[in-house]
Amino acid sequence: MLLVLEFDSGITKESVSIKLDLVANGGSVFRFFITLFTSAALAVFSSAVCNAEQTELAASENEPVTSSLGHAKAHWLKAPKDPSCEFIRYSPDRAFVANLSGGRLELTELGSETNLWRCPPPGQGSRIWGYSWSPDSKTIAVSNETGVFYIEALTGKCAGVYKGFTGRTYSPAYSPDGKYCAAAGSMAGDNSTRDANTVRVWDVRTGSKVLEVSGQSAGCVRWSNDGKFVAFNGPDRRIQIWNVLEKRMNIAIPFPERAISTFEWSPDDRYLAGCDLGRAVVTIFDSATGNVLTSHKFKKADDFEWTKNSQAILTFSHSDNYRWNLQFKSGRIKESRSERKTLGQKGYIPKNIDECLLQLNCEMPRADIGKLRACKESDLFQKYDALSMWIEDNWFSSSESELAKFFAAKGYLRRSSKPYAIILSYHRKLNGLSFELPVRQPRAETQEDRELAKVREEQYRCELEAKQKKIEAVYQNIAKSMLGVKLDRPAHLQSIAIPPVVGENLCVRYAAPFEGKILLTTKYCLPNDDFYNPAYLFDLTSNKIHPLSTSEFGRIDGAVVFDSKLYMIGSRHGKQQIVEYSHGRHKLLALPPGEGWLTLGTSSSGLLAVRKNSICQLQGDTWKTIVSTKFDIPKCGLPAQMIGPRIYFRDEGIGESWKRLCWLDLNELDHLIYFEENCGLRDPEGPTYDMVYSFVQGLRGDLWISSGSFSHTLFRWNKEDGYRIATLSDRIAFEAKKLPYVKETDGISERDVAITCVLPDTSGDVFCFGPSGMYRLHEHELSQLVKFTNAVQENWHGKILFHNNWVPTHIVKCGENDYFLGTHWGGTARLQLDQHGAFKFILLDGKLGSTIRL
């Protein structure tokens, strides 16, 4: 349907005319919003729910300053006949419009009322679940109950079938260059379920499989604008981004809310915006690192859209006339609200049928009112379908509005029936006829309706009971696993405000004392999705961090300290090398067997070398293979550690995605064991524990594990007790009513006990550090020593980078009451007691020292 609008900008004397493509769904028009830019250009945003293509109208990339229909003059033009289209997309060349209605796809030439074809033809089955235009507008990829097939746009004939799926298929998506297609579908051939358990990418020309990801109930598939990556939302509240040609996951971004209704790439592919429309939460991620740039829970979120310059997200609540602009440069959210309209002003939402008829006199041009008066009553529904959708979109966008309640009291339950009743009443009023709105009687409930309702209610009850039993079982395990820690927080507690980090900060992956200094490694991501771990030395005397290099190779790819010796890996002339360094002496070691990447690790009895499918231990000057696997070992930024019969890995994922802790049991070498599955303490509503910041072995043999994302849980594990919980989601007590443990605010509450790493003490106590402070754990008593504030700050993308979440993960004791703090992100710092008995906080990586060459 086409609507031509003429606007007076109010800034210049020129009038701007635009065409607005309306999108309908099940007889209802999706919300549209028109904003006026400061340069007098207009931007039109279609609904993000139906993923319609954005009309290319915005000539400006500045912040909009006015909204609503303003002084629009509407001319209702020809439109597709069917008013119940569920999914409408225009061809890239803007020549055709495709409507998905009732499981059937119809193609119409733009401006015509005649359907060129309908698929499947009337009377045939095989409901269509999704479709995608090819970039050249010649073909449409359609998904149905059995897979994906291609339709020629001009003829409606089937041009080919992709047989990679055996069951129901969703969300087909052509790549921007049209070479590939992606979709989520079932491989079981069982159409009784709506789940699509596999995401596939294939070559459109040959049909050959390019990428397959199993076990994914994806409901939304999106290509990046450069065509290199495909993203989809999996069942585990993550947006997974895969490098298609390299067949590897680039990053898995955990979504902090319960569900991802939809997500969109920014035009420059640097960001992803995910939206939980049900909870009105929009979260914006850095697509390369997965870091949350900003997240906000709105009062309502009907739709959202990127600006063309990728600098802001515009989020709208049309029923309440709210608009929010999430700006990245400032990291702030601007909220504006249109002024309340009164009856007779454009944009006013009527409250009853009488106000509807009066308001139409204001909204419609006089010439169109005359045409409507002259129209036959029998032709109203066909000719004024566009007006019906406009009414529904603007007046019935909220089921809680007074107008919606008025019609509900009259028995009008279907959304699409209300606009037609208004148009019919308006037509009769214009012609001097009675226009009393009839009261509708609901359809009498049949025995079949009652039986079906009972079956559905029983199914829902069984599912709810099963879920509740699982949750209760986990709750019982959590309650039994709590250590019963008591918190001692002194009344006069020193408080330290974390200062902003200026410039680039180091993301520490490893820290250890070495020859009176501290060796630390960080993580540096490469463009090909790989990474290496540069090395630095921290000088305790000068408080300077110095980049480290060696004469054997220029770039250090990884380093560890073992038995007071420094081991470094790097490459020289394309060949990997391992160098041992101690007290000024260099020693070149033989390479361990195996191919591919190489990282180092430690054990109690020797240095470890980890490759993709093998692990070796250094014995004297030779390497002995202790593990060979048929499966891939994850490449770790945090060095692998052998503790007892287990070799622990912290899976980096790609970019900054996973931080999953897993291990290989030397007594059971057929698979990796993942911590979040092994602990048995996760439930459908609560934390997943798949983000592990740190793990360390205590002096008594206990293993301390800090897990969490937006809140933090501290586990203790040993053979005798199994898993015990010291702090649970920033609390010392188990509170079932607080689940799910997801923070609604960005701040750290004073009641929170956020611990992200521990440092065992020779006394048997454990020092604990986290965003909320420094603690000492003695037996079951947790004493707070220092309180940290300002741990969560704004994230700027400019000359100054403020860390958005200060999370200490690596602690090295430099002396009595003197600690080096390395963070996963947020920089490095030193915390030491001064001569006055107060702790002093010193940021270290604002300016690095000169390079030290060993």
Side-chain angles (χ1 to χ4, degrees), residues 214-215 236 249 252 474 477-478 480-481 509-510 558 560 562 592-619 623-653 657-682 687-708 713-726 757-758 760 809:
S214 301
D236 53 355
M249 188 174 67
V474 173
N477 290 337
I478 291 177
K480 293 177 182 178
S481 301
R509 289 299 186 269
Y510 173 75
V560 297
F562 177 76
E595 301 293 334
W597 54 259
L598 172 65
T599 62
L600 299 177
T602 59
S603 71
S604 60
S605 57
L607 182 71
L608 298 181
V610 183
R611 290 193 183 272
K612 189 175 182 179
N613 301 109
S614 65
I615 303 173
C616 300
Q617 189 174 49
L618 185 63
Q619 297 181 354
W623 294 97
K624 180 183 177 181
T625 301
I626 59 174
V627 172
S628 293
T629 67
K630 295 182 180 179
F631 53 86
D632 292 345
I633 297 172
K635 183 178 180 180
C636 302
L638 177 63
Q641 296 183 46
M642 186 172 179
I643 303 175
R646 295 177 175 179
I647 303 177
Y648 288 86
F649 311 96
R650 213 276 302 275
D651 189 351
E652 287 287 328
S657 56
W658 287 349
K659 299 294 175 286
R660 302 178 69 188
L661 178 63
C662 59
W663 60 84
L664 190 61
D665 195 322
L666 297 181
N667 300 318
E668 191 176 357
L669 297 175
D670 58 342
H671 66 285
L672 289 170
I673 301 171
Y674 284 88
F675 161 68
E676 76 269 16
E677 300 169 356
N678 183 261
C679 70
L681 297 174
R682 59 177 189 167
T688 60
Y689 308 129
D690 54 1
M691 177 76 82
V692 171
Y693 284 122
S694 66
F695 65 97
V696 64
Q697 186 180 27
L699 298 182
R700 297 176 180 176
D702 298 332
L703 182 70
W704 295 90
I705 302 171
S706 173
S707 174
T713 298
L714 181 63
F715 293 87
R716 189 195 73 186
W717 178 87
N718 56 43
K719 290 183 179 180
E720 293 75 22
D721 300 332
Y723 290 101
R724 303 298 298 274
I725 300 174
C757 67
V758 301
T809 55

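Throughout, residue positions are numbered sequentially from 1 according to the sequence presented.
- Between Arg650 and Leu638, the shortest heavy-atom contact is CB-CD2, 4.0 Å.
- When side chains are defined from C-beta on, Ser614 does not count as touching Pro593, because their heavy atoms never get closer than 4.5 Å.
- The ring of Phe675 has its center closer than 6.0 angstrom to the ring center of Phe715.
- Put simply, CG on Asp651 and NZ on Lys659 are 8.5 Å apart, with the number rounded to the nearest 0.5 Å.
- Scanning all heavy atoms of the two residues, the minimum distance from Arg509 to Gly637 falls at CB-O, 3.6 Å.
- To the nearest 0.5 Å, the span separating CG on Leu672 from CZ on Phe649 amounts to 6.5 Å.
- Between the side chain of Ser707 and the main chain of Met691, a donor-acceptor pair closer than 3.5 Å is present.
- Summarising the geometry of Gly601 relative to Pro639, their closest heavy-atom pair is CA-CB, 4.2 Å, with the distance given to 0.1 Å.
- Scanning both residues, Val692 and Tyr689, for their nearest heavy atoms gives CG2-O, 4.1 Å.
- The backbone N or O of Phe631 sits less than 3.5 Å from a side-chain atom of Asn613, completing a donor-acceptor pair.
- Minimum interatomic distance between Glu668 and Leu664 (heavy atoms only, all atoms of both residues): O-CD1, 4.4 Å.
- The distance from atom CG of Leu598 to atom NZ of Lys635, rounded to the nearest 0.5 Å, is 9.0 Å.
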Original post:
Does the pair Cys757 and Ser706 meet the rule for a side chain to side chain contact (heavy atoms under 4.5 Å, CB included), with working shown?
Top reply: CA-CA 6 Å; Cys757 67; Ser706 173; 5.6 Å; no
**OP:** For the pair Leu669 and Thr629, evaluate side chain to side chain contact (heavy atoms under 4.5 Å, CB included) and give the outcome as yes or no after the intermediate values.
**Re:** CA-CA 7 Å; Leu669 297 175; Thr629 67; 5.8 Å; no
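- Taken from CG in Leu608 to CD1 in Ile647, the straight-line distance is 6.0 Å, to the nearest 0.5 Å.
- In this structure, Arg611 forms no cation-pi arrangement with Trp623, as its terminal cationic atom is not both closer than 6.0 Å to the ring centre and no more than 45° off the ring axis.
- Side-chain contact check for Tyr723 and Asn678: at least one donor-acceptor pair (N or O, by modelled atom type) lies under 3.5 Å.
- Heavy atoms only, all atoms of each residue included: Ser603 and Phe562 are closest at O-CE1, 3.0 Å.
- In this structure, SG on Cys636 lies 12.0 Å from CG on Leu600, to the nearest 0.5 angstrom.
- With rounding to the nearest 0.5 angstrom, the CH2 atom of Trp704 is 9.5 Å from the CG atom of Asn718.
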